[in-house]
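Following: one structure in structure tokens, then a few remarks.
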Amino acid sequence: MTERSQTSTASAAGKVILCGEHAVVYGRPAIAAPVQQVRATARVTAGEPGSGCVLHALDLDRVIRLAQAPEDDPLALILRLTLAELGLPQEPDWEITLHSQIPMASGLGSGAAVSTALVRALFRHAGRRPDPATVSRLVFRVEELHHGTPSGIDNTVIAYERPVWFVRGQPPLIFTPARPFTLAIADSGIPSPTRETVGRVRRAWQAEPARYEALFDEIGEVVVAARQALEQGEIAELGRLFRRNQALLRELGVSSEPLERLVAAGEVAGALGAKLSGGGWGGNIIALVEPETTEAVRQALLQAGARQVIVTRYQPSADPQEPTANG
Ligand code: PMV
């Protein structure tokens, strides 16, 4: 346990799904990558003796006293799961503050990032370092509360903080692109509750299983090809695969007019390919850009109604946020 006066801080990145969303819920592969520009941060310090754990969720304007919080409160759940994992004999008197730059319900993994930052900060305050697999396992329990039937991709990519190839129920594969690539991530500003889009796809699949299984298979093939394109540094081919994935997502019924407008604007301005990322309907789109087109695409996305555009570059070398660093 750390000294009474000590403060422990940890953070977690946002994420985007590069390809394979929705089909990943049905056992097909998906590829996701962290977004380092937006982070959730948790800080733990000593509270008053006898106060128990008190969490100040600054963005939500909420104060949660763990002893009184309901069972189904997601923030209380991650604190309880982490304290149980740490095996502390009784609830410690810890004052916790939480802040996130990641827009909520936008497909950037804000829920999983907030939970991850909390797990890492609590472990750190107990003088321990969690391995990414432990973080991912704990955060998945909260994802279930948020989303109903999550695939587990959000908690995995955020806990490992590296590009991942993910298949439900299998250990994630961390992989490195052969050449750098850049994404412009544009926020439609429309909230996109994943539970609703996942639920709608499930009902459609139940009504027409053969049609939806065929679409999931096609998406799975796109993801296999995208991994090959990344590993061989064929960035233009990756752009083509983004466009193909977007067409299939449209057929699944998870695109929308505002997202289509952003995708088209990005491609007209020179992006190699663009697609929605995450649950769909609202949230973010990602556009694959080259250095010489980045600024034109960014401007075009803003003009087409994006609230915010984040430009993020992925390097072939191991990035400085190694999973073992744990925030
Ligand atoms: O949380 P989001 O919006 O990035 O969506 C997650 C991706 C889905 O495939 C739609 C759902 C899941 O659990 O994988």
Side-chain angles (χ1 to χ4, degrees), residues 12-35 38 40 74 100 102-116 136-137 139-161 163-170 172 183 185-205 212-213 215-220 222-223 226 242 245-246 248-256 258-259 262 275-286 307 310 312:
K15 73 99 200 12
V16 281
I17 294 181
L18 298 189
C19 47
E21 49 274 272
H22 286 292
V24 69
V25 177
Y26 299 82
R28 275 60 165 195
I31 299 173
V35 179
V38 283
S100 174
I102 309 170
M104 284 189 281
S106 73
L108 291 185
S110 71
V114 155
S115 296
T116 298
S136 183
R137 173 171 52 80
V139 174
F140 181 70
R141 298 274 303 277
V142 184
E143 292 291 287
E144 286 180 306
L145 201 65
H146 280 301
H147 298 330
T149 54
S151 63
I153 192 167
D154 278 26
N155 46 290
T156 302
V157 63
I158 290 171
Y160 285 81
E161 216 151 315
V164 295
W165 162 271
F166 178 85
V167 179
R168 191 175 190 158
Q170 295 180 13
L183 295 179
I185 305 168
D187 188 353
S188 67
I190 303 164
S192 163
T194 307
R195 182 186 275 273
E196 281 174 34
T197 52
V198 169
R200 179 166 158 173
V201 171
R202 182 163 298 273
R203 287 190 292 280
W205 169 73
Y212 279 78
E213 284 293 329
L215 285 170
F216 297 148
D217 279 343
E218 276 196 72
I219 293 175
V222 167
V223 178
F242 274 19
N245 197 167
Q246 174 63 15
L248 292 163
L249 287 162
R250 202 178 292 136
E251 277 194 62
L252 279 187
V254 295
S255 194
S256 63
L259 293 182
L262 290 173
K275 60 179 282 294
L276 70 86
S277 176
W281 287 354
N284 280 271
I285 67 111
I286 54 175
R307 283 278 171 80
I310 298 169
T312 189

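All residue numbers refer to positions in the sequence shown, counting from 1. Read the numbers this way: they start at 1 and go in the same order the structure lists the ligands and their atoms.
Between the R195 side chain and the H146 main chain, a donor and an acceptor come within less than 3.5 Å of each other.
Using a 4.5 Å cut-off on side-chain heavy atoms (C-beta onward), V223 and R28 make no contact.
Rounded to the nearest 0.5 Å, atoms CG (N245) and CG (L18) are 10.0 Å apart.
With N284 as the fixed residue, the side chain to side chain contact (heavy atoms under 4.5 Å, CB included) test singles out one of S106, S192, S188: S106.
Every salt bridge (Lys or Arg N to Asp or Glu O under 4.0 Å) that R250 has, sequence neighbours left out, goes to E260.
Here the closest heavy-atom approach between residue E251 and residue L215 is recorded as OE1-CD2, 3.6 Å.
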At less than 3.5 Å, what protein N or O atoms come close to the N or O atoms of ligand 1? Include the distances to 0.1 Å.
unit_1, atom_1, unit_2, atom_2, d
ligand 1, 1 (O), D154, OD2, 3.2
ligand 1, 1 (O), T194, OG1, 3.2
ligand 1, 3 (O), T194, OG1, 3.0
ligand 1, 3 (O), G279, N, 3.0
ligand 1, 4 (O), K15, NZ, 2.7
ligand 1, 5 (O), G279, N, 3.4
ligand 1, 9 (O), H22, N, 2.8
ligand 1, 13 (O), S151, N, 2.8
ligand 1, 13 (O), S151, OG, 3.4
ligand 1, 14 (O), S151, OG, 2.5

